[in-house]
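Throughout, a chain's letter reflects where its sequence line sits, starting with A, and its residues are numbered from 1. Atom set for the values below is all heavy atoms of this structure, side chains included, hydrogens, waters and symmetry mates excluded.
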Protein chains: 2
Amino acid sequence: MLKYLGKHLILELWGCDPKALDDEKGIEKMLVDCVEACGATLICVRTHKFSPQGATGVAVLAESHIAIHTYPEYGYAALDVFTCGEHTDPYKALEVIRDFLKPKSIQIIDLKRGLMENGTFELK
Amino acid sequence: MLKYLGKHLILELWGCDPKALDDEKGIEKMLVDCVEACGATLICVRTHKFSPQGATGVAVLAESHIAIHTYPEYGYAALDVFTCGEHTDPYKALEVIRDFLKPKSIQIIDLKRGLMENGTFELK
């Protein structure tokens, strides 16, 4: 039996709305909305705006984290939605992300974190 | 020519020192030391201790983020070291992490984020 501790979606977003990628307040709201959509619990959210452009935002969760780093000049955002616990679903963040950033393309890498056989880890 | 914007190491650490995994102050220091080792610039660091055990820590950087989520009961930590810019090297964090958490096993997934051909992204 396989068991894992965390669900980590690596999202590569291209062709996003450059205005949204540079909107620090909008990014903060998107992160908070993602946390709620995933069924997770927010500990804190922190954003930072870079000059001349680009932003970073991280939501620290009771169930891991959600992070975004944006490059308006490339229409690109790197997003990580990492949640643990059976009550959370990181895929539920996708609709919130699509609505705000309007990416033309999303590449998803779906990683299971803390993967164990029989619920225990043994060094081979 | 391939160009990428970020270097993201996904680290699966097993067989760690359970005391270190539950040491919130020690985790905060490890994160700050990792930022320095990578050549990155710290914006803020936030940690949280869970009851009865486990901790989360996130360092927000001028060059993306470093995050850790620990499970002392499994000897496990999920670590992400994500830095952008040619002046940073996420691999430099490994020695700091090994010294503090003393993992028996480290699995590394090395992802390039924001990967482009010819320095531009084109929808196919």
Looking only at heavy atoms, what is the nearest atom pair of H8(B) and D80(A), with distance?
CE1-OD2, 3.1 Å
Could you please spell out the steps behind the side chain to side chain contact (heavy atoms under 4.5 Å, CB included) verdict for H69(A) and H65(B)?
CA-CA 9 Å; H69(A) 310 293; H65(B) 69 271; 2.8 Å; yes
F82(A) and A78(B) have their tightest heavy-atom pair at CZ-CB, 3.9 Å
When hydrophobic residues are tied together by side-chain contacts of less than 4.5 Å, even through go-betweens, does L11(A) share a cluster with Y71(A)?
no
Hydrophobic cluster membership, with links at side-chain heavy-atom distances under 4.5 Å among I/L/V/M/F/W/Y: are L31(B) and I43(A) in one?
no
For atom CD of E36(B), decide whether the heavy atoms of other residues, nucleotides or ligands shown that lie under 6.0 angstrom number more than 12.
no
Assess whether side chain to side chain contact (heavy atoms under 4.5 Å, CB included) is satisfied between Y76(B) and M116(A), documenting all intermediate values.
CA-CA 10 Å; Y76(B) 169 75; M116(A) 296 173 274; over 6 Å; no
Would you indicate whether K29(B), at its atom NZ, is surrounded by more than 12 heavy atoms from other residues, nucleotides or ligands within a distance under 6.0 Å?
no
Determine, step by step, whether L61(A) and T56(B) satisfy the side chain to side chain contact (heavy atoms under 4.5 Å, CB included) criterion, reporting the C-alpha distance in whole Å, the side-chain angles of both residues, the deciding distance to 0.1 Å, and the verdict.
CA-CA 8 Å; L61(A) 311 180; T56(B) 271; over 6 Å; no
What's the shortest heavy-atom distance between E12(A) and L115(B), and which atoms?
OE1-N, 4.1 Å
Can you say whether R46(B) sits under 4.5 Å from chain A via the side chain, the backbone, both, or neither, judging by heavy atoms?
side chain
Based on non-hydrogen pairs under 4.5 Å, which of G57(B), A62(B), G54(B), G75(B) is most in contact with chain A?
A62(B)
For chain B, which of C84(A), C44(A), S64(A) has the most heavy-atom pairs under 4.5 Å?
S64(A)
Would you kindly confirm whether L79(A) and V35(A) end up in one hydrophobic cluster when ILVMFWY residues are joined by side chain heavy atoms under 4.5 Å apart?
yes
One should read off an interatomic distance between Y74(A) OH and L5(B) CG, to the nearest 0.5 angstrom, of 6.0 Å
If you count the non-hydrogen atoms of other residues, nucleotides and ligands that lie under 6.0 Å from CD in E95(B), is the total more than 12?
no
A77(A) versus chain B, the contacting section by heavy-atom distance below 4.5 Å
neither
Using 0.5 Å steps for rounding, measure from the CG atom of L111(B) to the CG atom of L111(A).
7.0 Å
Side-chain heavy atoms under 4.5 angstrom apart, residues restricted to Ile, Leu, Val, Met, Phe, Trp, Tyr: same cluster for L101(B) and I108(B)?
yes
